[in-house]
Each structure stands twice: as structure tokens, then as C-alpha cells.
Amino acid sequence: MKITLSVIKADIGGYVGHSESHPDILAEAKTCMVKPKNDGLLIDYHVTKCGDDLQLVMTHQQGEDSEIIHKLAWDTFLGCTEVARQLKLHGAGQDLLADAFSGNVRGMGPGLAEMEIEERGAETIIIFMADKTSSGAWNLPLYKMFADPFNTIGLVIAENMHHGFSFEVHDIKMGKKIFFNAPEEIYDLLVFIGAPSRFMVKAVRHRGSGTIAAASSTQRLSLIAGRYVGKDDPVCIVRSQGDFPAVGEVLEPFSVPILVEGWMRGSHNGPLMPVAIPDSTPTRFDGPPRVTALGFQLAAGKLVGPRDMFADISFDNARRQAKDVADYMRAHGPFEPHRLPLEEMEYTTMPQVMKKLEKRFTSIG
Ligand code: F6R
Ligand code: MG
Ligand code: MG
């Protein structure tokens, strides 16, 4: 049975500031999903949040890039923006960058991770959602899951994974894509994906069967808007078990709170802290960046779940370490490498300050 899983998200208003989503927004989004499900357009849905981002998880049989599904998400975001305006939430409608819907949500502001799959006998899915960070934050975790035997022992000892995975990498500055085969091309792959602000892992496929294993959102809001309008706060879908890494192998990369760009004003490096959904409330210096993970079993497209995967106490050390790293990074204040390099910063006063001081700059000689 072919099923499409669409995860579409947007920040349509924060409560309080950019720290959390208001319960009325989630309630409105759920209301918007009821009729499409009763009408049979959606097989199932789950509405959730990660920090100030509204997340719509939908299953259906309309395929990827379906106009009707994307319009449903867009209209839901519009309806929720209306609620955000009434409550005067912060940044109401901030990620809706287009005036009107046209065809699909790509390039319009919302983040999108989507995959059409042939549902397996048991279809285990993990959906990752992040707040206060950029698309590209998934590069290192996806590499570890699908190419690093120190993370995924299945690559070594499970016959159905031993031939490796292929990585689809997008150069979002040039609008180009390239495919790499792991393990034999990992050095070439790492040259690119080690620079996640430009090169992003869009998808991963099983090399034996060519089937999709992971899909991520790669939209860069600042490139779409031409200015800073909030961080991308990306999402990623990963299939697990059988031909794919086990649940524990999929979650393992997050046991270390890696440094990602984002945090306060989208202009800082900080630790990506794995948290349960209720703890996705980035408050300290508008952070530190959070990642959540919801696990589902699919049953003919029905979303059986979710299980809040990072609620497990075995991620307590990662959280403690993230808090220590946050203290350490914060001690640098406005200095790099806590502050992002000039060209990566979402905010900068440099042009104005330069202009003001232009005449005071004289030659060193
Ligand atoms: C980071 C983020 C926040 C805001 C900051 C200022 O992704 O969303 O750190 O950049 O709170 O927000 P505004 O400009 O909306 O007052
Ligand atoms: Mg926000
Ligand atoms: Mg956000």
C-alpha cells in the first residue's frame, strides 16, 4: 500500500516571544484537520509543536508535492495566524512569506519533509523537529545514522544494510544537487556536508533497493525572504528497523549535543539539546536550540502513536552536557565562535556601523 507522509511546519506566532506555541493555535490546527480526515483526503494526522513552530504530520495517498495537501497545510497556517493575531502572539504569520498559495508550499516559507513509501509489514517512523536552528542541522545526525559504523553497528553486522546508503545533497546557494554513495565516497561527502549552512542532506536511500530512508526540509527562510525573518527550524522523517537503522541507532546521534547555528537572533552557535515535546520551550537566550523526536508505527497509513522518544531518561546526560555547553558558549558573549562569522549572521549592523565610521578608518601604512 502506497502512503505519503507529509510533515509541514511553520512558525505562525510565538507565545511568549519566540519561546512556545499557544494551546489555542494547536487546537485550531486540529480543527482544520478534522474535515479532511472525515472526507477521506487524509488517512490520519497528528498536530504538535516544537517551540514556537506548529507541526502538521499528515498521511494520505495524494503523493508528494500534492497541491491539495499543501493547500490544506497553507490554509491551516492561515487560520492559525488569524488566532495568533487575535491573541496578539509574537510574530503572527511570520513564516508565511507569500501573499497567496500557488501550487505547493515550497519556497513560500513553511518547512516541508515528505516521502511516498510502500508501507512495510511493520513501518517504524521517527519524525525529528528542531527549533532555533537552521536547515542543515540534520547533516551530522544523518551521516552518523546512515554512514558511521561507530553509531550504527547494523552497517557492519546486518546483511540488509551492509552495502550502505546513498545521500542526496543539495547546494542551496547554487540550487544544485548531487548524490554520494556511502561508504566508498564518505570523504567526498564530508567535504560538502561538513559545511551545513550551504550543503544539506535532502534525502537518504537504501542502496540495495533504492527505497527512501530519510527526507529532510532544506528551505532557507533568509534566502526566500532576502532578509532575516526567523530561523528555518527544520524537520526530518527517518524510517527505522529492518533495512534501515534500528530506533536506537536513529536516536543515538543526539546523545551528543552537537553545535548548530541558530539560538538568539539566529546568529549564534549553540548545542542542540534533545528534549521531550513539553520541554521544547527555548527560553534561555532564546535557546539553546532544541530537537524533539516523535515515533510512530504506521498501520495502513494510520499514525499509531506518537511516542515521545527523547522523554527517555537515557538522554538526561545529553541534556546536562547541552546545559554545560550553553554556559560555556554564552561566556563568549558577542565574540565568535559563539557569535556566527559575519557572512553567516542573520542579523548584522555592520553596514550601518561601517558607513558611520567610514571616515575614521585610515590606512595602516
Ligand atoms: C531566533 C529567534 C529569536 C528572535 C529574537 C528577536 O530564531 O526567533 O531569537 O530572533 O527573539 O525577535 P524579534 O525580532 O521578533 O523581536
Ligand atoms: Mg518565532
Ligand atoms: Mg521556531
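Counting starts at 1 for both ligands and their atoms, following the listed order. This one's a predicted model, so the numbers in the text were calculated from it and none came from an experiment.
With Ser280 as the fixed residue, the side chain to side chain donor-acceptor pair (under 3.5 Å) test singles out one of Arg290, Lys49, Lys132: Lys49. With Ile69 as reference, Leu42 is the one residue of Leu56, Leu42, Thr4, Val105 to meet the side-chain contact (heavy atoms from CB on, under 4.5 Å) rule. Lys2 pairs in a salt bridge (charged side-chain N to carboxylate O under 4.0 Å, His left out) with only one of the listed residues (Glu118, Glu123, Glu64), which is Glu118.
Of the protein's non-hydrogen atoms, the one nearest atom 12 (O) of ligand 1 is His18 NE2, 3.2 Å. Of all protein heavy atoms, the one closest to atom 9 (O) of ligand 1 is Asp286 OD2, 2.6 Å. For atom 7 (O) of ligand 1, the closest non-hydrogen atom on the protein side is Tyr228 OH, 3.0 Å. Scanning all protein heavy atoms for the shortest distance to atom 14 (O) of ligand 1 gives Tyr347 OH, 3.1 Å.
Note on Asp95 versus Lys231: no salt bridge recorded, every NZ/NE/NH1/NH2 to OD/OE distance being 4.0 Å or above.
Within Asp52, the N/O/S atom positioned nearest the Mg ion (ligand 2) carries the name OD2. Looking at Asp11, its N, O or S atom nearest to the Mg ion (ligand 2) turns out to be OD2. Nearest to the Mg ion (ligand 3), among the N, O or S atoms that Asp53 has, is OD2. No other N/O/S atom of Asp233 lies as close to the Mg ion (ligand 3) as OD2 does. Within His18, the N/O/S atom positioned nearest the Mg ion (ligand 2) carries the name ND1.
With a 4.0 Å cut-off on non-hydrogen atoms, Arg265 touches ligand 1 through its backbone as well as its side chain.
With a cut-off of 2.8 Å, the Mg ion (ligand 3) has an N, O or S atom of Asp131 in range.
Looking only at side-chain heavy atoms (C-beta outward), Ser134 and Val260 stay at 4.5 Å or farther from each other. Looking at Thr124 and Gln297, their side chains come closer than 4.5 Å, going by heavy atoms from C-beta outward.
For ligand 1 and Gly266, the ligand atoms under 4.0 Å from any heavy atom of the residue are 1 (C). The atoms of ligand 1 that sit less than 4.0 Å from any heavy atom of Lys231 are 7 (O). The Met264 neighbourhood of ligand 1 comprises atoms 9 (O), with distances under 4.0 Å to a heavy atom of that residue.
Hydrophobic clustering (ILVMFWY, side-chain heavy atoms < 4.5 Å, transitive): Leu190 and Ile258 are in one cluster.
Residue His90 places a heavy atom under 4.0 Å from ligand 1.
Of the N and O atoms on the side chains of Ser66 and His60, not one donor lies less than 3.5 Å from an acceptor on the other residue.
Using the six-membered ring where Trp is involved, His268 and His338 have ring planes that are tilted, between 30° and 60° apart.
The backbone N or O of Gly79 lies less than 3.5 Å from no partner atom in the side chain of Glu82, so there is not a single donor-acceptor pair.
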